[in-house]
Number of protein chains: 2
Amino acid sequence: MTKPRSRRGGGRPTIADVARKAGVGAITVSRALREPGRVSEDLRRKIQAAVDELGYLPDPNARALASARAEVFGVLVPSLTNSVFAEVLRGIYDSLSDSSYRIQLGNTHYSGLEEERLLQVFGPQRPAALIVAGIDQTPTSRRLLETAGCPVVQVMETGPDPVDMMVGFSHFDGGRVAAEHMIEVGYRRIGFIGARMDPRSQRRLAGYRAAMEAAGLFDARLITTTPVPSSVTLGRELFRDALAKVPTLDGVFCNNDDIALGVLFECHRASIAVPKTIGITGFNDLDMMEVAFPSVTSIRTPRYEIGRLSVAMALAAIAGKRPQEPVVDLGFELRCRESTAR
Amino acid sequence: MTKPRSRRGGGRPTIADVARKAGVGAITVSRALREPGRVSEDLRRKIQAAVDELGYLPDPNARALASARAEVFGVLVPSLTNSVFAEVLRGIYDSLSDSSYRIQLGNTHYSGLEEERLLQVFGPQRPAALIVAGIDQTPTSRRLLETAGCPVVQVMETGPDPVDMMVGFSHFDGGRVAAEHMIEVGYRRIGFIGARMDPRSQRRLAGYRAAMEAAGLFDARLITTTPVPSSVTLGRELFRDALAKVPTLDGVFCNNDDIALGVLFECHRASIAVPKTIGITGFNDLDMMEVAFPSVTSIRTPRYEIGRLSVAMALAAIAGKRPQEPVVDLGFELRCRESTAR
DNA sequence: AAAGCAGATGGTAGCGCTACCCATGACGCC
DNA sequence: GGCGTCATGGGTAGCGCTACCATCTGCTTT
């Protein structure tokens, strides 16, 4: 005779306690909680009463082990402080908060290798779904996603070859539309300023370039970039560099709004008239762009909506109702403001 | 005879596979992985070889169930998009990324009830540690934290009565120092502008009030607040309100930098000279405050460091090495800039 | 030399839950 | 009346891992 191991759980009630109290089998309790429709009204009430009385909460770890599926959404973003991803995360969070799914966060720091490592770590946990930023996974990451055995949503961008599903918009078009707008209102020597040139930034640059070439205005010297992480400070510095390189600059398309703000402040400081001498266009349309003086033209991107929709699609897929169209382009919107109002 | 249930796990190698391949018992594999020191060099190598060959990765759910402890840090923040908490989160994440701990995120939306609900949900999972923002938990939340059976770190603030440990700084002092600075450089009719008056904002306001009263300058009409979430846009609007209410206003202490930026932009738009006519002080010292024109005085808060230290303290507590002093005040720093340079 | 002890390894029995299969009774159909 | 079908409920056997002993070696202690 071995004495039973003392309750390591510290005395929390288990499903067996509930079953005993309700006078039913443990399985029936389990079913009543997960598929109420399959249990008679009568027992359901009795079980609910026992649950309430004992304050029973199912152990997610035991549940995950037994069902080989954790109620966890794995979310991989390249940055936590970049407000763009913070808003995607908020969208994901809000859409999940009245379900029982938990969120497990991974920060790839814009590194493909780190993304691989995180997918390795997430895998054995058997998440219910994976949401990853971007469409430029390494071959290894892609294989990990394909064999994860759960719905996968790539977010922030759209592309031709989804692992499973995608929600985003075209960064190339965003860059192109921004540049076309500046050309249309009369700017000619339009610079591109970008930091942290991740794949999305590269595509915005490509869109800018396409527009400039189509108008016969492209000049490689107009491009000023750095792999350094983006910041308002950096925007100022890159703008100074750009101006030193091309003194005839009459506009800038900034890779994001932080950069744009840095440019705007530097124009104030150097008494450069905006939009008269220099036009400014940003990207993402953060709240402050509308309030800035002068208000700054930007491309509004549906970050929160991307987060929400990615969860909706993943939940539908879990429920077996895969969307007809696995790739959803949520588009973007050019907001013309004072900074390009010539 | 029942046939064994087919491997639901989809054929991932288990600890038993590794044990068989290495010619040892399963428990020895388990130990080799978790407490290498307790296994002989020889076996350790053999086991490592088997692990590598099979690509074995332990199942965290099974581990959590068997050991009644999940390798999860529960993190509760009131907002995901507020860059202050995003930076705390980044600090937490960075400090945890080379351990095997995972992060489970909870967003309380500044709601005590939601915090209670999330703690209820986190509890049964038996997290290794809990990190929660703020010190104003409801009695229920406090009890949940006290009975969680794991280290708890309250972050962002310090106070007299920690649940377990605390890392932060004094918001009251921050508000006081900011106001004292403005008084010292000669401002007299100094307004307080604040949005989303959470407990930390309230304490900053209290600090401001203390300084103003000490200087005999306090006037309730100088205070303009709203429970609405903070934004740059809102900063502009509140400043307009404040100015309409008190036309003789000669300075503002803003509850945070977003508000301060809104005030700055509105000053530009209305051609109000900064710092001559109006002085501006922000709070948190985001990157952009230094770059703004004019650059904006602010209180630098150690957000990232708070995240890092909270994890370090929790890890130490898990390892049984509780810090001598459970409450750590990381302080803050006044950064005087052009916006108050009279 | 017997006893004691520490270090290394293994076996057994769960952790709390659910997948799988089976039992039962009510009902409808031929 | 026999037989399938459906709805409802339960029993058994794990999921993959680790806590808790037990065992076995080799060495020190007295």
Side-chain angles (χ1 to χ4, degrees), chain A residues 1-20 22-47 51 54 56-71 100 123-126 128, chain B residues 1-20 22-47 51 54 56-71 100 123-126 149:
Chain A
M1 281 297 288
T2 21
K3 77 160 186 292
R5 178 154 31 163
S6 68
R7 267 283 181 77
R8 286 181 296 191
R12 271 199 182 76
T14 72
I15 203 167
D17 298 329
V18 176
R20 204 172 313 120
V24 298
I27 295 303
T28 307
V29 175
S30 173
R31 265 198 292 259
L33 262 33
R34 292 176 304 132
E35 315 165 80
R38 288 196 46 195
V39 175
S40 68
E41 176 62 23
D42 184 40
L43 280 192
R44 217 185 310 154
R45 241 200 312 270
K46 233 181 278 184
I47 289 168
V51 165
L54 293 171
Y56 169 73
L57 288 165
D59 179 332
N61 298 125
R63 185 173 265 188
L65 180 59
S67 65
R69 188 55 68 202
E71 291 196 298
S100 59
Q125 212 177 146
R126 311 179 170 294
Chain B
M1 283 297 290
T2 21
K3 75 160 185 294
R5 178 154 30 162
S6 66
R7 267 281 183 76
R8 287 180 295 192
R12 272 198 181 77
T14 72
I15 203 169
D17 298 329
V18 176
R20 207 172 309 120
V24 298
I27 207 67
T28 307
V29 175
S30 173
R31 265 198 292 261
L33 262 34
R34 290 176 306 133
E35 314 165 79
R38 290 195 43 194
V39 175
S40 68
E41 176 63 24
D42 183 41
L43 279 191
R44 216 186 309 154
R45 243 200 312 269
K46 235 182 276 184
I47 289 168
V51 165
L54 293 171
Y56 169 74
L57 289 165
D59 179 331
N61 298 125
R63 187 173 262 187
L65 180 58
S67 65
R69 189 51 72 200
E71 290 196 298
S100 59
Q125 214 177 147
R126 310 176 171 295

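These numbers were taken from a predicted model, which means no experiment stands behind them.
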If I take atom CG from residue L33(A) and atom CZ from residue R63(A), how far apart are they, to the nearest 0.5 angstrom? 6.5 Å
Starting at CG of L54(B), measure out to OG1 of T14(B) and round the result to the nearest 0.5 Å. 9.0 Å
Treating R12(B) as the side-chain partner and Y56(B) as the backbone partner, does any N or O pair qualify as donor plus acceptor under 3.5 Å? no
Closest non-hydrogen atoms of A19(A) and V29(A), given as atom of the first, atom of the second and distance, are CA-CG2, 3.7 Å
Minimum heavy-atom separation for P60(B) and Q125(A), please, with both atom names. CG-CG, 3.7 Å
According to a strict under-4.0 Å criterion, is T28(A) in side-chain N/O contact with OP1 or OP2 of dG9(D)? no
Rounded off to whole Å, could you give me the [atom1]-to-[atom2] distance for the [X] and [N] pair?
X: D59(A); N: dG14(C); atom1: CG; atom2: P; result: 18 Å
X: L65(A); N: dA19(C); atom1: CG; atom2: C1'; result: 12 Å
X: I15(A); N: dA19(C); atom1: CD1; atom2: P; result: 11 Å
X: I27(A); N: dG16(C); atom1: CD1; atom2: P; result: 16 Å
X: Q125(A); N: dG16(D); atom1: CD; atom2: P; result: 15 Å
X: E71(A); N: dT18(C); atom1: CD; atom2: C1'; result: 12 Å
X: R63(A); N: dC15(C); atom1: CZ; atom2: P; result: 18 Å
X: N61(B); N: dC15(C); atom1: CG; atom2: P; result: 18 Å

Taking only residues two or more places apart in sequence, or in another chain, which ones meet E71(B) in a side chain to side chain donor-acceptor pair (under 3.5 Å)? S100(B)
Residue mapping more 5' on DNA chain C - nearest nucleotide basis, A62(B) or A26(B): A26(B)
With sequence neighbours excluded, residues passing side-chain contact (heavy atoms from CB on, under 4.5 Å) with L57(A): Q120(B), P124(B)
For D59(A), what residues pass the side-chain contact (heavy atoms from CB on, under 4.5 Å) criterion, not counting sequence neighbours? N61(A), A62(A), L65(B)
Which nucleotide in dG16(C), dT9(C), dT18(D) has an atom nearest any side-chain atom of L43(B): dT9(C)
Five-pair end axes of the helix from dA1(C)-dT30(D) to dC30(C)-dG1(D) and the angle they enclose, rounded to 10°: 40°
Of residues 29-40 of chain A, the positions that come close to DNA chain D - non-hydrogen atoms, cut-off under 4.0 Å: R31(A), V39(A), S40(A)
May I have the list of side-chain donor-acceptor pairs in residues 36-43 of chain B shorter than 3.5 Å, sequence neighbours left out?
unit_1, atom_1, unit_2, atom_2, d
S40(B), OG, L43(B), N, 3.4
E41(B), OE1, R44(B), NH1, 3.4
E41(B), OE2, R45(B), NH1, 3.0

